[in-house]
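The next block holds one structure in the form of structure tokens; read it before the comments.
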Amino acid sequence: MFFKQLATKEASLSYFFGCAGQGKAVAVDVVAGDEDWFIAEAERAQVRITQVIDTHVHADHFSGGRELARRVGAPYCLHESDRGRVQFDFTPLADDQLIEVGNVQIRVLHTPGHTPDSVCLLVTDLRRGEAPWFVLTGDTLFVGAIGRPDLTGREREMAGVLYDSLHARILNLPDEIEIYPGHQAGSVCGAGLSGKPSSTLGFEKRWNPALALDRAAFVDALTRDIPPRPTDMDAMVHANLGLVA
Ligand SMILES: [Fe+2]
């Protein structure tokens, strides 16, 4: 497989990976303005972009996912809970769904908490082994931090939902799993993010302070010092939902 991480605006991290042998790739969390980069990388690797995925409807940047999908003729994918919420057609992703990208396999994990529609993508390279190798954690789990739970309101309830998602779907994965998050230090999508753009689950279990807390303490910690809301958040969410201003 090939794998590229792109550090982009608003301390976001985008991903482009897939199976060079069979000429297929997926683009994840594309930021508006970066579409040309993905198209150039696809040409360089001689792959076709078969899916464009956003791990959730973003509140801190304008998504380029829909535009890239349109330009390359690929489906634009969001979790199925966005049905009725976004104002355009998209390809719905279901929990535990498998996406085959040549010899690369992606399992969709619905991990609500940061937002109700958040997903993580658990990736296996079938050429290397049958066990998953890494997980794109979106804004659910960062290096050294956790995604903020307040952007869609009901922050204490959503913090509890986030705790349950992490413990049921992520923390039970093997320690050697690599973590590639949706942001690094400088993002307003969480507090205390590391400037290092990847980690392992084992390291985060040991050193990410929020992961050592019980549910009540986790909810208290995540709702105690909530960062300011992203500038232009309403306009960004509005655009990413496809609503006309
Ligand atoms: Fe986010």
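In each ligand, atom 1 is the first atom listed, and ligand 1 is the first ligand listed. Note: hydrogens, waters and symmetry copies are ignored here, and every other heavy atom, side chains too, is used.
Asp29 is linked by a salt bridge (charged side-chain N to carboxylate O under 4.0 Å, His left out) to nothing, counting only residues two or more places apart in sequence or in another chain. Every residue two or more places apart in sequence or in another chain that forms a salt bridge (charged side-chain N to carboxylate O under 4.0 Å, His left out) with Arg70 is listed here: Glu67. Residues forming a salt bridge (charged side-chain N to carboxylate O under 4.0 Å, His left out) with Arg215 (at least two apart in sequence, or on another chain): Asp164.
Remark: aromatic rings of Tyr15 and Phe3 are close, center separation under 6.0 Å.
Using a 4.5 Å heavy-atom threshold, the side chains of Ser165 and Ile170 count as separate. Residues Leu121 and Leu109 have side chains not in contact (no heavy-atom distance under 4.5 Å, counting atoms from C-beta outward).
Within a radius of less than 2.8 Å around the Fe ion (ligand 1), the protein N, O or S atoms are His56 NE2, His114 NE2, Asp139 OD2.
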